[in-house]
Amino acid sequence: MLIATWNVNSIRSRIDLVKDWLITNEVDILCLQETKTEDQFFPVEVFSKLGYEVSISGQKSYNGVAILSRFPINDIKIGFDQVISDYKDLSILSQQKRIISAEINDIRVINVYVPNGSAMDSDKFIYKKKWIECLKIYLEKINSNNIPICLLGDFNIAPEDKDIHTPSNYKESIMASSKERKLLKDALSGKLEDVFRIFEPRAQNWSWWDYRHSAWEKDKGWRIDHIYLTENILSCANSCWIDKETRSKERPSDHAPVIVDISWPQSEIENEFFF
DNA sequence: ATGGCTCATCTAATGAGA
(Lines give C-alpha, C1' and ligand atoms only; values in the text may rest on other atoms or scores of the structure.)
Protein backbone atom coordinates (compact mmCIF):
# COMPACT_ATOMS: atom_id res chain seq x y z
CA MET A 1 0.00 0.00 0.00
CA LEU A 2 1.27 3.46 -0.93
CA ILE A 3 0.53 6.50 1.25
CA ALA A 4 1.67 9.96 0.14
CA THR A 5 1.72 13.58 1.27
CA TRP A 6 1.87 16.58 -1.05
CA ASN A 7 1.55 20.32 -0.45
CA VAL A 8 0.03 21.26 -3.82
CA ASN A 9 -0.16 25.05 -3.33
CA SER A 10 -3.75 25.39 -4.64
CA ILE A 11 -5.65 22.29 -5.79
CA ARG A 12 -7.46 24.23 -8.52
CA SER A 13 -4.18 25.48 -10.05
CA ARG A 14 -2.65 22.03 -9.76
CA ILE A 15 -5.59 19.81 -10.71
CA ASP A 16 -4.13 18.40 -13.96
CA LEU A 17 -0.75 17.77 -12.34
CA VAL A 18 -2.31 15.97 -9.36
CA LYS A 19 -4.60 13.92 -11.60
CA ASP A 20 -1.73 12.83 -13.88
CA TRP A 21 0.43 12.09 -10.86
CA LEU A 22 -2.23 9.80 -9.37
CA ILE A 23 -2.70 7.94 -12.66
CA THR A 24 1.07 7.41 -12.97
CA ASN A 25 1.87 6.63 -9.34
CA GLU A 26 -1.24 4.74 -8.22
CA VAL A 27 -0.97 5.70 -4.59
CA ASP A 28 -3.75 4.37 -2.35
CA ILE A 29 -3.96 7.34 0.00
CA LEU A 30 -2.93 10.90 -0.91
CA CYS A 31 -2.95 13.65 1.71
CA LEU A 32 -2.99 17.19 0.32
CA GLN A 33 -2.12 20.51 1.97
CA GLU A 34 -2.67 24.11 0.91
CA THR A 35 -5.70 23.28 -1.19
CA LYS A 36 -6.66 26.98 -0.90
CA THR A 37 -10.34 26.58 -1.67
CA GLU A 38 -13.70 26.27 0.03
CA ASP A 39 -15.17 22.76 0.10
CA GLN A 40 -17.88 23.62 -2.44
CA PHE A 41 -15.23 24.44 -5.08
CA PHE A 42 -12.96 21.42 -4.43
CA PRO A 43 -12.81 19.30 -7.63
CA VAL A 44 -14.13 16.14 -5.92
CA GLU A 45 -15.47 14.51 -9.11
CA VAL A 46 -12.03 14.48 -10.79
CA PHE A 47 -10.84 12.14 -8.05
CA SER A 48 -14.02 10.09 -7.62
CA LYS A 49 -13.80 9.27 -11.35
CA LEU A 50 -10.32 7.85 -10.63
CA GLY A 51 -11.74 5.69 -7.85
CA TYR A 52 -10.91 7.84 -4.83
CA GLU A 53 -13.05 8.76 -1.87
CA VAL A 54 -12.46 12.36 -0.84
CA SER A 55 -12.56 14.06 2.57
CA ILE A 56 -11.88 17.77 2.70
CA SER A 57 -11.50 20.64 5.12
CA GLY A 58 -10.91 23.82 3.19
CA GLN A 59 -11.30 27.59 3.39
CA LYS A 60 -11.10 30.51 1.00
CA SER A 61 -7.59 31.48 -0.27
CA TYR A 62 -5.46 29.97 2.50
CA ASN A 63 -4.60 26.63 4.09
CA GLY A 64 -6.94 23.69 3.47
CA VAL A 65 -6.28 19.93 3.74
CA ALA A 66 -7.77 16.88 2.03
CA ILE A 67 -7.52 13.09 2.06
CA LEU A 68 -8.00 11.06 -1.14
CA SER A 69 -8.31 7.30 -0.64
CA ARG A 70 -8.96 4.17 -2.70
CA PHE A 71 -10.08 2.48 0.53
CA PRO A 72 -13.17 3.52 2.51
CA ILE A 73 -12.64 6.57 4.72
CA ASN A 74 -14.10 6.17 8.21
CA ASP A 75 -14.44 8.25 11.37
CA ILE A 76 -13.34 11.56 9.83
CA LYS A 77 -12.14 14.16 12.35
CA ILE A 78 -11.91 17.73 11.08
CA GLY A 79 -9.88 20.28 13.04
CA PHE A 80 -8.57 19.89 16.58
CA ASP A 81 -11.95 20.50 18.20
CA GLN A 82 -13.51 17.22 17.04
CA VAL A 83 -10.89 15.34 19.07
CA ILE A 84 -9.95 17.52 22.04
CA SER A 85 -11.74 20.06 24.20
CA ASP A 86 -9.18 21.01 26.81
CA TYR A 87 -6.80 23.48 25.14
CA LYS A 88 -7.25 27.15 25.92
CA ASP A 89 -6.78 28.55 22.38
CA LEU A 90 -8.81 25.87 20.62
CA SER A 91 -11.23 28.28 18.96
CA ILE A 92 -8.44 30.43 17.46
CA LEU A 93 -6.54 27.35 16.25
CA SER A 94 -9.71 25.93 14.68
CA GLN A 95 -10.26 28.95 12.43
CA GLN A 96 -7.49 27.86 10.04
CA LYS A 97 -8.14 24.55 8.27
CA ARG A 98 -4.90 22.68 8.87
CA ILE A 99 -5.73 19.20 10.16
CA ILE A 100 -7.95 16.34 9.03
CA SER A 101 -7.75 12.70 10.06
CA ALA A 102 -9.59 9.48 9.35
CA GLU A 103 -9.46 5.75 9.89
CA ILE A 104 -8.51 3.97 6.66
CA ASN A 105 -7.66 0.25 6.53
CA ASP A 106 -7.31 0.17 10.33
CA ILE A 107 -4.77 2.99 10.24
CA ARG A 108 -5.42 6.42 11.76
CA VAL A 109 -4.21 8.74 8.99
CA ILE A 110 -3.56 12.29 10.26
CA ASN A 111 -2.94 14.94 7.62
CA VAL A 112 -1.42 18.22 8.89
CA TYR A 113 -0.41 21.59 7.51
CA VAL A 114 1.67 23.10 10.31
CA PRO A 115 1.76 26.94 10.28
CA ASN A 116 4.91 28.43 8.79
CA GLY A 117 5.42 30.92 11.61
CA SER A 118 6.87 33.74 9.47
CA ALA A 119 9.65 34.96 11.82
CA MET A 120 10.84 33.88 15.26
CA ASP A 121 9.74 37.14 16.94
CA SER A 122 6.32 37.35 15.26
CA ASP A 123 2.75 36.69 16.40
CA LYS A 124 2.61 34.03 13.71
CA PHE A 125 5.40 32.18 15.48
CA ILE A 126 3.35 32.20 18.71
CA TYR A 127 0.49 30.72 16.68
CA LYS A 128 2.79 28.03 15.30
CA LYS A 129 4.00 27.17 18.81
CA LYS A 130 0.45 26.88 20.13
CA TRP A 131 -0.58 24.84 17.09
CA ILE A 132 2.15 22.24 17.69
CA GLU A 133 1.40 22.13 21.43
CA CYS A 134 -2.21 21.43 20.54
CA LEU A 135 -1.12 18.73 18.07
CA LYS A 136 0.71 17.01 20.94
CA ILE A 137 -2.52 16.83 22.98
CA TYR A 138 -4.42 15.68 19.88
CA LEU A 139 -1.94 12.83 19.29
CA GLU A 140 -2.11 11.72 22.92
CA LYS A 141 -5.89 11.62 22.76
CA ILE A 142 -6.14 9.82 19.43
CA ASN A 143 -3.44 7.29 20.35
CA SER A 144 -5.32 6.05 23.42
CA ASN A 145 -6.56 2.88 21.67
CA ASN A 146 -3.12 2.00 20.22
CA ILE A 147 -4.32 1.95 16.59
CA PRO A 148 -1.44 2.30 14.07
CA ILE A 149 -0.89 5.97 13.23
CA CYS A 150 0.39 7.56 10.04
CA LEU A 151 0.98 11.27 10.72
CA LEU A 152 2.01 13.11 7.57
CA GLY A 153 2.03 16.49 5.92
CA ASP A 154 3.85 19.78 5.62
CA PHE A 155 5.50 20.38 9.01
CA ASN A 156 7.32 23.59 8.07
CA ILE A 157 10.24 22.41 10.21
CA ALA A 158 13.58 20.89 9.16
CA PRO A 159 14.17 18.28 11.89
CA GLU A 160 17.98 18.39 11.52
CA ASP A 161 20.64 20.55 9.86
CA LYS A 162 21.05 17.92 7.15
CA ASP A 163 17.48 18.70 6.08
CA ILE A 164 18.56 22.20 4.93
CA HIS A 165 20.69 23.03 1.85
CA THR A 166 22.92 25.54 3.69
CA PRO A 167 22.20 25.17 7.41
CA SER A 168 24.79 27.81 8.40
CA ASN A 169 22.59 30.45 6.72
CA TYR A 170 19.58 29.62 8.87
CA LYS A 171 20.91 29.28 12.43
CA GLU A 172 17.91 29.66 14.79
CA SER A 173 15.73 31.09 12.02
CA ILE A 174 12.20 30.04 11.14
CA MET A 175 11.74 26.35 10.18
CA ALA A 176 15.26 25.59 11.46
CA SER A 177 15.27 26.75 15.08
CA SER A 178 15.99 24.48 18.05
CA LYS A 179 12.74 25.79 19.58
CA GLU A 180 10.67 24.40 16.70
CA ARG A 181 12.63 21.16 16.57
CA LYS A 182 11.98 20.62 20.27
CA LEU A 183 8.27 21.42 19.93
CA LEU A 184 7.92 18.87 17.13
CA LYS A 185 9.94 16.25 19.01
CA ASP A 186 7.76 16.76 22.10
CA ALA A 187 4.60 16.35 20.04
CA LEU A 188 5.87 13.07 18.60
CA SER A 189 6.49 11.85 22.20
CA GLY A 190 8.99 9.18 21.09
CA LYS A 191 6.10 7.25 19.55
CA LEU A 192 6.23 8.45 15.94
CA GLU A 193 9.25 7.85 13.70
CA ASP A 194 10.29 9.90 10.67
CA VAL A 195 10.11 6.97 8.21
CA PHE A 196 12.14 8.71 5.47
CA ARG A 197 15.15 8.72 7.80
CA ILE A 198 14.84 4.96 8.43
CA PHE A 199 15.79 4.37 4.79
CA GLU A 200 17.86 7.44 3.87
CA PRO A 201 20.41 8.74 6.39
CA ARG A 202 22.20 11.08 3.98
CA ALA A 203 21.69 14.84 3.51
CA GLN A 204 20.64 16.55 0.24
CA ASN A 205 17.11 15.16 0.11
CA TRP A 206 14.70 18.05 -0.17
CA SER A 207 10.89 18.16 -0.37
CA TRP A 208 10.54 21.93 -0.88
CA TRP A 209 12.37 24.37 -3.15
CA ASP A 210 11.61 28.11 -2.96
CA TYR A 211 10.10 29.55 -6.14
CA ARG A 212 12.56 32.43 -5.83
CA HIS A 213 16.34 32.72 -6.29
CA SER A 214 16.44 29.80 -8.77
CA ALA A 215 16.35 27.48 -5.77
CA TRP A 216 15.21 24.54 -7.90
CA GLU A 217 17.92 25.03 -10.54
CA LYS A 218 20.56 25.24 -7.80
CA ASP A 219 18.98 22.36 -5.86
CA LYS A 220 18.76 24.53 -2.76
CA GLY A 221 15.90 22.98 -0.83
CA TRP A 222 14.62 21.91 2.55
CA ARG A 223 13.07 18.67 3.81
CA ILE A 224 9.97 19.95 5.60
CA ASP A 225 7.36 17.41 4.41
CA HIS A 226 7.42 14.26 6.51
CA ILE A 227 5.70 10.94 7.19
CA TYR A 228 5.71 9.63 10.77
CA LEU A 229 4.65 6.10 11.76
CA THR A 230 4.05 4.39 15.09
CA GLU A 231 6.09 1.25 15.80
CA ASN A 232 3.15 -1.11 15.14
CA ILE A 233 3.15 -0.11 11.45
CA LEU A 234 6.73 1.12 10.99
CA SER A 235 7.88 -2.51 10.97
CA CYS A 236 5.74 -3.02 7.83
CA ALA A 237 7.33 -0.11 5.91
CA ASN A 238 9.40 -1.18 2.88
CA SER A 239 10.61 2.16 1.55
CA CYS A 240 10.06 5.92 1.62
CA TRP A 241 11.06 8.42 -1.03
CA ILE A 242 10.57 11.98 -2.29
CA ASP A 243 9.26 12.26 -5.85
CA LYS A 244 11.67 15.02 -6.85
CA GLU A 245 10.81 14.71 -10.55
CA THR A 246 7.36 16.20 -9.92
CA ARG A 247 9.00 19.49 -8.89
CA SER A 248 10.57 19.76 -12.38
CA LYS A 249 7.24 19.74 -14.23
CA GLU A 250 5.62 22.78 -15.80
CA ARG A 251 3.87 25.08 -13.27
CA PRO A 252 4.76 22.86 -10.32
CA SER A 253 3.95 23.22 -6.66
CA ASP A 254 6.99 24.39 -4.70
CA HIS A 255 6.74 21.09 -2.76
CA ALA A 256 7.33 17.55 -4.05
CA PRO A 257 5.28 14.51 -2.92
CA VAL A 258 6.67 12.14 -0.26
CA ILE A 259 5.58 8.49 -0.48
CA VAL A 260 5.82 5.51 1.87
CA ASP A 261 5.34 1.89 0.79
CA ILE A 262 3.85 -0.30 3.52
CA SER A 263 2.98 -4.02 3.45
CA TRP A 264 -0.58 -3.52 4.61
CA PRO A 265 -3.13 -4.84 5.45
CA GLN A 266 -1.03 -7.48 7.15
CA SER A 267 -3.57 -10.21 6.32
CA GLU A 268 -2.48 -9.91 2.66
CA ILE A 269 1.07 -10.84 3.69
CA GLU A 270 -0.14 -13.88 5.61
CA ASN A 271 -1.99 -15.06 2.50
CA GLU A 272 1.19 -14.75 0.45
CA PHE A 273 2.87 -17.26 2.75
CA PHE A 274 0.05 -19.71 2.08
CA PHE A 275 0.46 -19.83 -1.69
C1' DA B 1 20.15 35.03 -0.20
C1' DT B 2 14.70 36.76 1.37
C1' DG B 3 12.17 42.50 -2.85
C1' DG B 4 13.32 40.23 -8.00
C1' DC B 5 8.22 33.71 -7.42
C1' DT B 6 3.58 32.13 -7.24
C1' DC B 7 -1.00 31.91 -5.51
C1' DA B 8 -5.74 34.01 -4.47
C1' DT B 9 -8.37 37.95 -4.23
C1' DC B 10 -14.97 41.54 -6.43
C1' DT B 11 -8.32 41.76 -12.27
C1' DA B 12 -5.05 45.63 -9.17
C1' DA B 13 -1.84 45.61 -6.04
C1' DT B 14 -1.59 43.34 -1.92
C1' DG B 15 -0.96 39.67 1.63
C1' DA B 16 0.80 35.23 2.39
C1' DG B 17 3.70 31.55 1.85
C1' DA B 18 8.57 29.60 3.39
Side-chain angles (χ1 to χ4, degrees), chain A residues 5-19 21 31-43 56-66 92-93 95-99 111-132 135 152-181 183-184 204-226 242 244 246-258:
Chain A
T5 176
W6 191 5
N7 178 325
V8 288
N9 185 13
S10 170
I11 188 59
R12 287 189 287 174
S13 284
R14 225 63 68 200
I15 187 63
D16 291 339
L17 193 60
V18 176
K19 186 185 167 189
W21 190 82
C31 292
L32 304 172
Q33 302 88 38
E34 281 206 88
T35 51
K36 292 188 171 179
T37 187
E38 289 170 294
D39 294 354
Q40 55 177 323
F41 301 123
F42 192 100
I56 46 185
S57 175
Q59 66 184 90
K60 197 174 182 176
S61 301
Y62 306 113
N63 312 313
V65 283
I92 300 163
L93 295 177
Q95 286 165 8
Q96 300 185 7
K97 307 305 178 195
R98 293 178 176 275
I99 181 165
N111 176 17
V112 299
Y113 173 45
V114 177
N116 169 263
S118 190
M120 293 302 289
D121 57 356
S122 67
D123 289 345
K124 285 180 184 169
F125 181 76
I126 296 167
Y127 192 91
K128 182 177 196 175
K129 179 174 182 284
K130 285 178 178 172
W131 202 93
I132 301 169
L135 177 64
L152 72 174
D154 176 359
F155 288 79
N156 272 317
I157 296 173
E160 296 178 85
D161 279 354
K162 67 180 176 186
D163 299 311
I164 307 171
H165 61 88
T166 316
S168 55
N169 290 345
Y170 304 97
K171 288 271 179 232
E172 295 305 325
S173 67
I174 200 72
M175 300 199 297
S177 72
S178 48
K179 242 181 199 173
E180 288 160 273
R181 288 173 177 173
L183 278 165
L184 177 57
Q204 310 294 318
N205 290 280
W206 324 128
S207 69
W208 170 76
W209 295 257
D210 200 319
Y211 284 126
R212 299 167 293 178
H213 320 299
S214 309
W216 169 252
E217 287 74 14
K218 294 173 184 167
D219 196 29
K220 289 189 169 186
W222 295 56
R223 193 178 69 90
I224 56 175
D225 303 87
H226 315 140
I242 299 167
K244 192 174 170 179
T246 296
R247 181 64 176 79
S248 70
K249 304 265 188 194
E250 210 171 306
R251 291 189 73 225
S253 167
D254 44 354
H255 295 253
V258 186

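Residue numbers begin at 1 in each chain, while the letters A, B, ... track the order of the sequences.
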Would you classify [X] as touching base, sugar-phosphate or nothing, given that sugar-phosphate means primed atoms plus P, OP1 and OP2, and contacts are heavy atoms under 4.0 Å?
X	result
A:Asn7	sugar-phosphate
A:Trp222	nothing
A:Phe41	nothing
A:Asn169	sugar-phosphate
A:Asn63	nothing
A:Asp210	base
A:Lys218	base

statement: Which of B:dA16, B:dA18, B:dT6 is nearest the side chain of A:Asn156? It is B:dA18

message: Please tell me if A:Arg12 has a side-chain N or O lying less than 4.0 Å from either OP1 or OP2 of B:dT9.
response: yes

- prompt: Should A:Arg212 be listed as having a side-chain N or O under 4.0 Å from OP1 or OP2 of B:dT2?
  reply: no

field: A:Arg14 CZ to B:dC5 P, straight-line distance once rounded to whole Å
entry: 17 Å

task: Report yes or no: does A:Arg247 contribute a side-chain atom to a donor-acceptor pair with the main-chain N or O of A:Asp254 at less than 3.5 Å?
output: yes

query: Salt-bridged, A:Asp16 to A:Arg251, with N to O below 4.0 Å?
result: no

query: Please walk me through it: do A:Tyr170 and A:Trp222 pass ring pair (Phe, Tyr, Trp, His ring centres under 6.0 Å)?
result: CA-CA 11 Å; A:Tyr170 304 97; A:Trp222 295 56; 4.8 Å; yes

